[in-house]
Amino acid sequence: MSEPTASDSTSEPAARAATEADLRDLVAARRQKLRFLREELGLQPYGCRVDGLVDLATARATFDEAAHDAHEAQDAQEAEDGNDESMVDPRPRVLSSGRVIQHRDIGKLVFLRLRDETGDLQVSLSKKACDPSVFRLAKKLDYGDVVVAGGPMGRTKKGEICIWSDRLEIHSKSLAPPPEKWHGLSDPEIRFRRRYVDLHANPAAIQTLQDRSRIISRMRKFMENRAYLEVETPMMQSMAGGAAARPFTTHHNALDLELSMRIAPELYLKRLLVGGLPRVFEINRNFRNEGVDRSHNPEFTAMEVYQAFGDCWTMLELTESLLYELACAAASDRRSRGDETVEGADDAPVLPFGELKIDWKRPFEQVTYGDLFQRAVGFDMRDEVAVRAKVKELGLAKAEGMDHWFAVNEIFEECAEPLIDPARPTFVTGYPSAISPLTRPDPADPVLAERWDIFIAGMEIGPAYTELNDPEIQLAKFTEQLAGADDEEQAFRNLDEDFIEALRVGMPPAGGLGLGVDRIVMLLTGNLSIREVIAFPLMRPEDGSG
RNA sequence: GCCUCCGUAGCUCAAUUGGCAGAGCAGCUGACUCUUAAUCAGCGGGUUCUCGGUUCGAGUCCGAGCGGAGGCACCA
């Protein structure tokens, strides 16, 4: 959009009427100021490179009580002497930038509150202490403008630590009407659609993204310390495999190729095992064409790990160590910034999550699928007669025609999962083989698979498996799975022959793990919605056109 | 895909049985050298999500649509 020029307002009546209407508009008022800055003050309101900036937290930390007192004494002395020859100011000087979030004009004093990613800091300007053009700019600033302020770190008479600014530059004039300064921006729809406003209006939103970054960084370091190699595998695949989920589809023009966005990196990571990389992990996006709720976003970040000559128990130790360390670090971070909702000892943190207080102390809980089932319904999961009766009793219509073990799982999800203590990280081990076709059966009891799932706060955080590496069995299971799929599933399921070929080349036995990174971030930052921990969660376009 | 609730000024929210669409903040003009949601005086700001219907009269009631929140379903 082009800037109206000063001559616009003198043209024909229709144009003048429009301009008058614009004058009542919040945006128009800001354009007016933009013009003022350019034409009256001769400023370039969209700035340029500035060196030597420190963030606002650093600036605040620069404040020196003794220097402040010395300066006060100097001032008093000068007043007494009637001597206004300036002495050397003992206060440390800083140069910082930030977004104006408050603007108070008291006549010959102007107070600004600046915000950056480290917090807020007041900038004070006195007409007497700064250049007239600086002061004129200070009076014209709006909530939302991006400025650079420089001057000595001092304190106001009321005790507020501030920059007593004698240098002030505008580097970006904000033309958008700002959110309300006290209630802020709370409408979730606007918050997520206009996240750039949310982030500066709600410090908690920025904190969450900073925490997310640190958590993922720590995950990476943890994996690297254990000699895992980070890899990246295709997100666009001609066959989306590695999970049972609906993929998104897309199209490659030059190759005239139907492609799917990946639903899991598993089959490619395993190919790397075959290729000779014994410990690999990937932290990246998966895409699943499914519903959206507090714990599901169509694109989500997962960490998947494979370790040659490991098994699901290797992965259990890895997961417990990782999550425990992340929880301790998150608790420590939050405590050090004064978060009083964090409880528990440093080595046994308790983090709030909604109504829950999640106790992260080691070891995590472990319960077998079979025991939990027995505890929930009072009979053994292998008792086919009792299972059939229970299905009827529960009115699980869709389970009635099912094979025994699928019916067991329906009952498990209905009756047993709710028994898991949501306030404790809990590994559920020993899933039935029949519902874990791609997992190696337990040699001691082939009815059970070497697989576990970890649940926290009622959310599934991730599964781990002792992977199958026999190509014949894998092929048979894949084929069986395909045969069992209904028509809807058939549409997006297919057999990855190349993956079978890779297994024929020979994959070492391995443990595999998948963790939902967004959900881990939710738990460690106390955010109840996955959208809070994703910078730009999926939103339907406002015009509804798709 | 289904159910329930919600959509009023830039933001946060009011508006009685269906009876002139309001407030605070933000904005504009002016005053003010220590503000802390600054204060004081004055001024402006609306497609009540959209379309249709009932009615003398609709923000309010009815229908459809759009968007959001919560729940369900889907979801190794």
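By convention in this document, chain letters (A, B, ...) are assigned in the order of the sequence lines, proteins followed by strands, and residues within each chain are numbered from 1.
A/I435 comes within contact range of no nucleotide atom at all, as no heavy-atom separation falls under 4.0 Å. A/E413 comes within contact range of no nucleotide atom at all, as no heavy-atom separation falls under 4.0 Å. Counting non-hydrogen atoms under 4.0 angstrom, A/W452 reaches nothing in the nucleic acid. A/Q122 comes within 4.0 angstrom of a base, heavy atoms only. Residue A/S186 is classed as a sugar-phosphate contact, given heavy-atom separations below 4.0 Å to backbone atoms only. Counting non-hydrogen atoms under 4.0 angstrom, A/I106 reaches a base of the nucleic acid.
Distances from the side chain of A/P463 to the nucleotides B/rA76, B/rC28, B/rC74 place B/rA76 closest. Here the side chain of A/Q102 is nearest to one of B/rC34, B/rA37, B/rA76, namely B/rA37. Nearest nucleotide to the A/L109 side chain, out of B/rU36, B/rA26, B/rU33: B/rU33. Comparing B/rU33, B/rG10, B/rC74 against the side chain of A/L26 picks out B/rG10 as the nearest. Listed nucleotides: B/rC74, B/rU33, B/rG27. Nearest to the side chain of A/D142: B/rG27. Closest contact between the side chain of A/D105 and the listed nucleotides B/rA76, B/rC32, B/rC34 involves B/rC32.
Here B/rG18 sits opposite no nucleotide as a Watson-Crick or G-U wobble pair (both hydrogen-bonding atom distances under 3.5 Å). Nucleotide B/rC40 forms a Watson-Crick or G-U wobble pair with B/rG30, both donor-acceptor distances falling under 3.5 Å. The base-pairing partner of B/rU12, taking Watson-Crick or G-U wobble contacts with both distances under 3.5 Å, is B/rA23. Pairing partner, B/rG1: B/rC72, with both Watson-Crick or wobble hydrogen-bond distances short of 3.5 Å. With a cut-off of 3.5 Å on both Watson-Crick or G-U wobble distances, the partner of B/rG67 is given as B/rC6.
Here, B/rU55 and B/rU17 have their C1' atoms 15 Å apart, quoted to the whole Å. Comparing the same atom, C1', in B/rG68 and in B/rU29 gives a spacing of 39 Å after rounding to whole Å. Here the separation of B/rG65 from B/rU12, taken at their C1' atoms, is 28 Å to the nearest Å. Comparing the C1' positions of B/rG67 and B/rU8 gives an interatomic distance of 16 Å, to the nearest angstrom. The gap from the P atom of B/rC61 to that of B/rA14 amounts to 15 Å, rounded to the nearest Å. Atom C1' of B/rC13 sits at a distance of 35 Å from the matching atom of B/rA73, rounded to the whole Å. B/rU4 and B/rG44 are spaced 45 Å apart, taking the P atom of each and rounding to whole Å. When the C1' atom is used for both B/rG18 and B/rC5, the distance is 22 Å, rounded to whole Å.
Between the NZ atom of A/K128 and the P atom of B/rC34 there is a distance of 12 Å, given to the nearest Å. Between the CZ atom of A/R519 and the P atom of B/rC75 there is a distance of 14 Å, given to the nearest Å. Separating the OH atom of A/Y196 from the P atom of B/rC11 is a distance of 12 Å, rounded to the nearest angstrom. At whole-Å resolution of the value, CD in A/E414 and P in B/rC74 are 11 Å apart. Counting to the nearest Å, the P atom of B/rC74 and the CD1 atom of A/I263 are 17 Å from each other. For the pair A/R113 CZ and B/rU36 P, the interatomic distance rounds to 11 Å; values are reported in whole Å. Between A/K477 atom NZ and B/rA76 atom P the separation is 17 Å, expressed in whole Å. In this structure, A/H103 places its NE2 atom 13 Å from C1' of B/rG27, rounding to the nearest Å.
Side-chain N or O atoms of A/N202 include none that pairs as donor or acceptor with a backbone N or O of A/A205 at under 3.5 Å. Between the side chain of A/N527 and the backbone N or O of A/S529 there is no donor-acceptor pair closer than 3.5 Å. Under the 3.5 Å distance criterion, the side-chain polar atoms of A/R91 are left unmatched by any main-chain donor or acceptor of A/E65.
Contact annotation: A/K157 does not reach the phosphate of B/rC34 (side-chain N/O to OP1 or OP2, under 4.0 Å). Residue A/K108 places no side-chain N or O under 4.0 Å from the OP1 or OP2 atom of B/rC34.
Looking only at side-chain heavy atoms (C-beta outward), A/M315 and A/D311 stay at 4.5 Å or farther from each other. Here the side chains of A/V100 and A/D142 are not in contact, with every heavy-atom distance at 4.5 Å or above. With a 4.5 Å cut-off on side-chain heavy atoms, A/V428 and A/F455 count as touching.
For B/rA76, the base has no donor-acceptor partner in the side chain of A/Y431 [N/O atoms by modelled type, under 3.5 angstrom].
With sequence neighbours excluded, the residues forming a side-chain hydrogen bond (donor to acceptor under 3.5 Å, both in side chains) with A/R451 are A/S436, listed by chain and number.
Salt-bridge annotation for A/R194 and A/E189: absent, with no side-chain N of the basic residue lying under 4.0 Å from a carboxylate O of the acidic one.
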Can you name the atoms? Protein N/O to nucleotides 68-70 of chain B N/O, anything below 3.5 Å, with the distance.
from   : atom 1 : to     : atom 2 : distance (Å)
B/rG68 : OP1    : A/R540 : N      : 3.1
B/rG68 : OP2    : A/R540 : NE     : 3.2
B/rG68 : O4'    : A/E189 : OE1    : 3.0
B/rA69 : OP1    : A/R531 : NE     : 3.3
B/rA69 : OP1    : A/R531 : NH2    : 3.3

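Counting non-hydrogen atoms of other residues, nucleotides and ligands closer than 6.0 Å to NZ of A/K127 gives a total of 12 or fewer.
Atom OG1 of A/T319 is separated from atom CG of A/L323 by 6.0 Å, given to the nearest 0.5 angstrom.
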